[in-house]
Participant: 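One structure is given below, represented as structure tokens, and several questions about it will come after.
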Amino acid sequence: MTHDTGRTAPTARPGPGSGPGPGSGPGTAPGPSPGRPLPTAAASPFPSSSRRPRRVPGRGRDGGRAPWIYLAPALVVLGGLLVYPVYQLGLISLLEYTQAQVSGGEPTSFQGLGNYAALLRDPQFRQVLLATVVFAAACVVTTLAVGCALAVLLTRIRALPRLVLMLAALGAWATPAVTGSTVWVFLFDPDSGPVNRMLGLGDFSWTYGRYSAFALVLFEVVWCSFPFVMVTVYAGIRAVPAEVLEAAALDGASQWRTWRSVTAPILRPVLLVVTIQSVIWDFKVFTQIYVMTNGGGIAGQNLVLNVYAYQTAFASSQYSLGAAIGVVMLLILLAITLVHLRIVRRQGEEL
């Protein structure tokens, strides 16, 4: 006699290589077998939208031309305002072009590099070039020192004094060069200037001596240039992580050591950019020298390249020599600009 306990005997699972086991019938889906590949997503009758590549704007067939199409109006304007004058400058520098040729009294003749050779043989040109380089270097160093010092000061004072200093600096930055130069000449005037009275210098003339005149112009150039350095470096300092400065303070580093060993290396890209910008601006100073030294000082002792080119071209009517001086300045500034662009590009790659 057999008793049914209600339990069903376990069904043996098919092993590898065995056929369909018990319980597999017409209504049962066959299990995977070693000889049959598993179904994949590619076999699905509904294509996935994620597999269809998206078209990125600006990367089509005309993607390479699209930026130039957008820049075309600006390039046309720059071509008219920059390329054509530079072409004319270079062309005149290769000709004999004086007042006689301008008035039509003599024909224009091609000189080639003769004007440049005459400049290299001119001792005054070499002296003016050296004076321009030294003066620009002094302006750049002083501007960076004043701008960086005031940028650090902005991080140490309260909000109201910081706002007053920022507004005063921006006011100096926004002052036109002619206005600022005239004001500085009045301040240092030997007869009615308040600076000589405060310093007890009597009737000392700042524009009479060569070095005192250059120093006076340097003060004005730094006064109108340091706000750019101050604002840029201050923004860079504010971006320095506070944890780094706190760690330096906990290690017992002084303010100068923190700036030299911690802040300055972090701000190195910013300092390089403001340095090159200052070099470009100070190398082509014209208005301050011309206004404050009355056209280059006594016997041309305060000439720089810009003023020297102006006097050669318009005061002496040597237009071809003046154009050659302009081309030399253009090449120097172009080299500095290429260095600047290379540094900016390197910073972009690092970011």
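As a basis for the values below, the full set of heavy atoms in this structure was taken, side chains included, without hydrogen atoms, waters or symmetry mates.
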Participant: Just checking, any donor-acceptor pair under 3.5 angstrom between side chains of T98 and E96?
Facilitator: no
Participant: Could you measure the distance from the CD1 atom of I280 to the CD1 atom of I332? Nearest 0.5 Å is fine.
Facilitator: 12.5 Å
Participant: So how far is it from I298 CD1 to S205 OG, rounded to the nearest 0.5 Å?
Facilitator: 7.0 Å
Participant: If you count every heavy atom of other residues, nucleotides or ligands that lies below 6.0 Å from F228 atom CZ, does the total exceed 12?
Facilitator: yes
Participant: Quick one: side-chain contact (heavy atoms from CB on, under 4.5 Å) partners of R126, sequence neighbours excluded?
Facilitator: P123
Participant: How many angstroms lie between atom CZ of R268 and atom OG1 of T263, to the nearest 0.5 angstrom?
Facilitator: 14.5 Å
Participant: Take the angle between the ring planes of W206 and F219 and call it parallel below 30°, perpendicular above 60°, tilted in between.
Facilitator: perpendicular
Participant: Ring-plane angle category for F188 and W184, please: parallel below 30°, perpendicular beyond 60°, tilted otherwise.
Facilitator: parallel
Participant: L129 and Y211: same hydrophobic cluster, using ILVMFWY side-chain contacts below 4.5 Å?
Facilitator: no
Participant: When you check the side-chain N and O atoms of Y234 and T155, is any donor under 3.5 Å from an acceptor?
Facilitator: no
Participant: V304 versus F286: any side-chain heavy-atom pair under 4.5 Å?
Facilitator: no
Participant: Around atom CG of D122, are there more than 12 heavy atoms of other residues, nucleotides or ligands at under 6.0 Å?
Facilitator: yes
Participant: Quick one: does L94's side chain get under 4.5 Å of N115's, heavy atoms only?
Facilitator: no
Participant: Is there a path of hydrophobic side-chain contacts, each under 4.5 Å between heavy atoms of I/L/V/M/F/W/Y residues, joining V146 to V141?
Facilitator: no
Participant: Check the surroundings of atom CZ in R260: do more than 12 heavy atoms from other residues, nucleotides or ligands lie under 6.0 Å from it?
Facilitator: yes
